[in-house]
Protein chains: 2
Amino acid sequence: MVQKSPETKRRGRPRSYEPDIALARAMETFWKSGYAATTLDDLSAATGMNRPSLYAAFGDKQDIYVKAYRKYRARVRDEFEPIIEESGPVRLVLRRIFEAASELYLSGPDGPRGCFSVVTAASEAVADPQIRKLVVEAIAALDETFAALFTKAIARGELAPDSNPLALAKVATATIHTLAIRARIHAPRDELQALIDAAVSMLCGPADPPARRHR
Amino acid sequence: MVQKSPETKRRGRPRSYEPDIALARAMETFWKSGYAATTLDDLSAATGMNRPSLYAAFGDKQDIYVKAYRKYRARVRDEFEPIIEESGPVRLVLRRIFEAASELYLSGPDGPRGCFSVVTAASEAVADPQIRKLVVEAIAALDETFAALFTKAIARGELAPDSNPLALAKVATATIHTLAIRARIHAPRDELQALIDAAVSMLCGPADPPARRHR
DNA sequence: GGTATTTTATGCGAGACAGTATAAAAAACA
DNA sequence: TGTTTTTTATACTGTCTCGCATAAAATACC
């Protein structure tokens with residue numbers, strides 16, 4: 001990890017690709033098409049690397065998939081952590097999380113793709129225990145993140161003191177899951193927005209000032 | 001459809017398979033492995049039919065998939081209609097629906113498979129408009145079913161008169177979705193049960209008589 | 001400039017895959 | 001018994017797919 005200083009002159013022919021960018025492209029490809037439907041030629045075309053380079057850099061197809069999926073999770077973490085850390089009423093933080101998720105799931109060069117974890121990897125998870133383990137971790141982490149959020153909100157008096165943060169968290173995760181699925185089948189943005197409104201008011205109670213939208 | 005009376009003696013060599021059973025086996029296979037990861041040899045082994053018979057009976061791989069998925073939806077309809085038609089408090093009907101879904105998603109000869117619609121078909125939906133259309137229909141139907149259920153419950157005074165049946169329905173569908181995904185990654189039954197409890201009390205309010213379980 | 005080292009480029013080979021051709025089998029009909 | 005009809009059984013074809021072998025290219029070191 002630390003071994004490669006940016007100044008180090010490597011000995012042989014220089015790489016014609018940026019490993020990080022190439023892996024991001026591979027991620028896009030798997031995200032869209034899933035494991036089985038993605039061929040090494042697809043990956044080659046997406047990354048601009050030829051097959052031997054792919055192998056040298058990332059290993060076989062399975063290895064590339066796992067690395068791509070890990071990258072997806074890292075990207076999601078980086079994207080959502082600031083929103084979660086932000087202080088503010090749960091209602092608002094929740095809405096921001098759901099809306100960011102919605103945007104992520106609707107994004108994509110060839111149309112909406114949903115969530116790599118929820119739609120694609122979960123599907124492969126039956127066949128491959130390694131992938132299953134990663135998806136289980138991802139979903140557990142999401143549950144825990146939401147639970148912590150609700151616990152803090154209860155402590156701050158934003159929610160009824162007898163609320164169950166774990167129960168709330170599971171419904172919040174369920175919202176993420178349904179957003180992922182609906183985005184994957186090209187649900188229009190306003191359908192997802194209606195869903196977010198429904199979930200937020202179910203989780204935090206109906207908004208007294210009539211649904212103030214941020215932005 | 002009506003042409004084949006059960007007494008009709010057909011002319012040539014008799015079939016060695018039952019089309020309905022064979023299609024059910026094909027459904028199981030696609031349900032478990034998805035479209036791309038399922039080979040015609042897999043289907044051949046599962047159904048007991050050889051490749052030419054598969055083609056004669058159902059068409060090419062794509063055709064078999066669509067027919068298998070339609071069969072899945074028909075099966076789900078048949079299984080859930082009686083539960084939905086049943087009279088009783090929404091709270092109880094909802095619980096029964098979620099528990100039946102949970103059982104269905106956890107079932108399978110080789111371990112839990114989740115929901116064909118939600119996990120497998122939704123994943124393929126990006127590549128194939130025909131499949132996407134079917135999944136969209138399936139999810140819309142689910143939303144509408146739940147909405148009707150809540151509308152009736154509001155009319156009967158079981159829920160607050162200012163409840164929004166469509167919003168409630170979307171959260172109920174979200175519960176189905178998260179159950180499907182969690183089952184697919186082998187979540188233990190009691191985790192799913194906890195999720196059902198959380199969702200039901202979120203949708204219908206906390207149970208005053210401490211959570212009476214049916215059966 | 002020559003050598004060692006690392007990467008790219010091309011393409012090969014074994015196997016998997018989807019779909020089909022051909023022939024054998026099993027029934028009704030005459 | 002022989003013919004027709006429908007299905008099964010076997011095997012083939014062309015294509016795709018994965019992974020790797022081999023050679024050329026591009027750099028640092030000497």
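The sequence lines fix the lettering, A, B, ..., with proteins before strands; numbering per chain opens at 1.
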Let me know, please, whether P14(B) or Y55(B) comes out on the 5' side of the other along DNA chain C by nearest nucleotide.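 Of the two residues, Y55(B) wins.
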Distance-only donor-acceptor check, side chains [X] and [Y], under 3.5 Å:
X	Y	result
Y35(A)	S123(A)	no
T173(B)	D143(B)	yes
Y65(A)	T38(A)	no

Enclosure of K32(A) NZ (heavy-atom neighbours >12, cutoff 6.0 Å):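 Result for NZ/K32(A): open.
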Can you tell me if R73(B) has over 12 outside heavy atoms packed within less than 6.0 Å of its CZ?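 Counting neighbours around CZ of R73(B), more than 12 heavy atoms of other residues, nucleotides or ligands fall under 6.0 Å, so yes.
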When you list every nucleotide of DNA chain C with an atom under 4.0 Å from a heavy atom of chain B, which one comes first 5' to 3', and which comes last?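 That gives a stretch of dC17(C) to dC29(C).
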Do the ring planes of Y72(B) and F116(B) sit parallel (below 30°), tilted (30 to 60°) or perpendicular (above 60°)?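 Ring orientation, 0 to 90° scale: tilted.
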Along DNA chain D, first and last positions that approach a heavy atom of chain A under 4.0 Å: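 From 5' to 3', the first and last contacting nucleotides are dT17(D) to dC29(D).
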Any residue of residues 63-70 of chain B with a heavy atom less than 4.0 Å from an atom of DNA chain C: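 Within this stretch, nothing sits under 4.0 Å of the strand.
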Could you check which residues of residues 26-54 of chain B get a heavy atom under 4.0 Å from DNA chain D? Sort them by number, please.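 Within this stretch, N50(B), P52(B), S53(B) sit under 4.0 Å of the strand.
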Quick check: do V200(B) and T175(B) have side-chain heavy atoms less than 4.5 Å from each other?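 Answer no - side chains too far apart.
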Can you tell me which residue pairs pass the side chain to side chain donor-acceptor pair (under 3.5 Å) test with a partner in residues 103-112 of chain A, sequence neighbours excluded?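 Sorted result for residues 103-112 of chain A: E103(A)-R189(A), S107(A)-R113(A).
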Applying salt bridge (Lys or Arg N to Asp or Glu O under 4.0 Å), can you list everything that pairs with R51(B), at least two apart in sequence or on another chain?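 R51(B) satisfies salt bridge (Lys or Arg N to Asp or Glu O under 4.0 Å) with D41(B) only.
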